Amino acid sequence: MRCKAVIFDMDDTLFLEEDYVLSGFKEVSFFLNSKFGIDAKDSYHFLKNRFIKYGRKNIFNLLLNRNIKTLKDDNIDALIVNLVELYREHKPDIKLNSSVVSILKNIHHKKIKIVVATDGLPSMQENKFYALGLDKLVDSVVYCWNHDAAKPSKKCFQIALEAAGVGKENCIIVGDHPMNDIIPARILGIKAYRITTGRFTSLDNDSRFPPNKTFLTLDDFFQEIIKNEN
């Protein structure tokens, strides 16, 4: 096989999605401080610790309930909607690890095309994409939800393959999620490599459609799979 294109998942593959979450929490904390005088550091630490232990479910509700006396008669339901919108639309303070930048540049140096296929609310994913500087490092991006092709839909990767302009025999897919990234890739007959970083490292591979190989880091993947490509 001659690799002519790599399709990358974005969140928890090219960067840790947790960094985006924490960036959004900072934005929310600053807003509550400016509007209500609620201590920004206290809000941020509460959100961060709650997220690490329990995830994002109802996290803004819990933060506001914690400060209910300060909020007085403010419409809590409307405020939660505002906080969610602020979180989703904020310009994230995130960046790629320098090793990831180097890997993407080296892949391009080998004349291999790079496409990002990312799942989630398009406005959020677009903000992440540009904040990370991926527009300067990859050939194209596919926002799956814009095509009614939320992962694990095969359609998202089919569109990415078309964007790369290569046959599936000359393409590989790299992602972190065994169901959302690996299974559709394998069903399409495309080689798929899993990177065990981020939130879903503990998820088991599907026994019917496992990755061709699993790597601990993106650099491990590059060194073994891409580095020796002509």
Side-chain angles (χ1 to χ4, degrees), residues 8-101 104 116 118-137 141 143-145 150-151 175-177 180-181 195-203 216-219:
F8 283 105
D9 168 57
M10 185 169 68
D11 296 1
D12 287 325
T13 298
L14 295 178
F15 87 111
L16 292 179
E17 206 254 351
E18 179 181 319
D19 293 344
Y20 172 82
V21 173
L22 296 181
S23 172
F25 287 169
K26 284 182 182 178
E27 199 77 15
V28 166
S29 299
F30 291 148
F31 170 79
L32 291 174
N33 175 258
S34 64
K35 188 171 177 64
F36 301 104
I38 297 171
D39 186 86
K41 286 185 178 180
D42 181 73
S43 295
Y44 176 74
H45 287 305
F46 171 80
L47 291 170
K48 180 180 179 180
N49 292 334
R50 178 77 192 182
F51 169 72
I52 290 171
K53 291 181 180 178
Y54 305 106
R56 281 175 289 195
K57 186 175 180 180
N58 296 326
I59 197 165
F60 295 148
N61 307 56
L62 293 168
L63 175 63
L64 296 184
N65 286 333
R66 194 166 178 263
N67 293 279
I68 198 71
K69 291 182 179 179
T70 303
L71 298 171
K72 297 179 180 178
D73 297 325
D74 209 88
N75 188 326
I76 300 299
D77 290 338
L79 183 54
I80 289 170
V81 171
N82 289 341
L83 295 183
V84 171
E85 183 177 354
L86 177 66
Y87 173 86
R88 289 177 173 175
E89 298 300 328
H90 89 282
K91 303 301 181 184
D93 181 19
I94 54 177
K95 63 180 181 179
L96 291 177
N97 186 290
S98 59
S99 66
V100 174
V101 174
L104 295 177
V116 170
T118 183
D119 206 40
L121 192 68
S123 60
M124 290 174 59
Q125 299 310 100
E126 185 174 1
N127 285 340
K128 295 175 190 177
F129 181 82
Y130 284 100
L132 292 168
L134 284 167
D135 56 309
K136 302 176 182 67
L137 295 167
V141 57
Y143 301 109
C144 299
W145 286 20
K151 293 179 181 178
D176 70 295
H177 202 292
N180 290 348
D181 300 316
I195 311 298
T196 52
T197 52
R199 298 164 291 165
F200 305 112
T201 56
S202 62
L203 291 182
L216 292 176
T217 69
L218 204 61
D219 187 61

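Quick caveat: nothing in here was measured; it's all calculated off a predicted structure. What you see below is based on every heavy atom in this structure, not just the backbone, and it leaves out hydrogens, waters and symmetry mates.
Here the closest heavy-atom approach between residue Lys151 and residue Asp119 is recorded as N-OD1, 3.0 Å. When all heavy atoms of Ile68 and Ile76 are compared, the closest pair comes out as CD1-CD1, 3.9 Å. For the pair Glu17 and Asp12, the tightest heavy-atom approach, listed with the atom from each and the gap, is N-OD1, 3.0 Å.
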Practice problem: Decide side-chain contact (heavy atoms from CB on, under 4.5 Å) for Leu218 and Phe8; before the verdict, give the C-alpha distance in whole Å, the side-chain angles of both, and the deciding distance to 0.1 Å. | Solution: CA-CA 11 Å; Leu218 204 61; Phe8 283 105; 3.9 Å; yes

Quiz item: Can Met10 and Leu132 be said to form a side-chain contact (heavy atoms from CB on, under 4.5 Å), step by step?
Solution: CA-CA 10 Å; Met10 185 169 68; Leu132 292 168; 4.2 Å; yes

Exercise. Dump the intermediate steps for side-chain contact (heavy atoms from CB on, under 4.5 Å) on Tyr20 and Met124, then the final yes or no.
Key: CA-CA 10 Å; Tyr20 172 82; Met124 290 174 59; 3.5 Å; yes

Self-check item: Worked check of side-chain contact (heavy atoms from CB on, under 4.5 Å) between Glu85 and Arg88
Solution: CA-CA 5 Å; Glu85 183 177 354; Arg88 289 177 173 175; 5.8 Å; no

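Considering OG1 of Thr118 and CG of Asp11, their distance stands at 4.5 Å, rounded to 0.5 Å. Note that NZ of Lys35 and CG of Leu83 are 10.5 Å apart. Values are rounded to the nearest 0.5 Å. From His177, atom NE2 reaches atom CG of Asp9 across 9.5 Å, with rounding to the nearest 0.5 Å. The NZ atom of Lys136 sits 13.5 Å away from the CG atom of Leu104 when rounded to the nearest 0.5 Å. One distance of note links CG of Leu14 with NZ of Lys128; it measures 11.5 Å at 0.5 Å rounding.
A donor-acceptor pair is defined here as one N or O able to donate and one able to accept, closer than 3.5 Å; such a pair exists between the side chain of Thr13 and the backbone of Asp176.
With sequence neighbours excluded, the residues satisfying side-chain contact (heavy atoms from CB on, under 4.5 Å) with Thr217 are Asp219, Asp220. Remark: Glu89 pairs with Ser123 by the side chain to side chain donor-acceptor pair (under 3.5 Å) rule, at least two apart or across chains. With sequence neighbours excluded, the residues that form a side chain to side chain donor-acceptor pair (under 3.5 Å) with Ser99 are Asn97. Partners of Asp135 by side-chain contact (heavy atoms from CB on, under 4.5 Å), not counting sequence neighbours, listed by chain and number: Phe129, Tyr130.
In Leu216, the CG atom is not crowded: 12 or fewer heavy atoms of neighbouring residues, nucleotides or ligands sit closer than 6.0 Å.
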Compile the donor-acceptor pairs under 3.5 Å between side chains in residues 23-34 and protein atoms, sequence neighbours left out, one pair per line.
from, atom 1, to, atom 2, distance (Å)
Ser23, OG, His90, NE2, 2.9
Ser23, OG, Asp93, N, 2.9
Ser29, OG, Phe25, O, 2.8
Ser29, OG, Tyr44, N, 3.2
Asn33, ND2, Ile38, O, 3.1
Ser34, OG, Phe30, O, 3.4
Ser34, OG, Phe31, O, 2.9

Considering only distance and modelled atom types, tabulate donor-acceptor pairs under 3.5 Å from the side chains of residues 51-66, sequence neighbours left out.
from, atom 1, to, atom 2, distance (Å)
Arg56, NH1, Tyr87, OH, 3.1
Asn65, ND2, Asn61, O, 3.2
Arg66, NH1, Asp42, OD2, 2.7

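Using a 4.5 Å heavy-atom threshold, the side chains of Phe46 and Asn67 count as separate.
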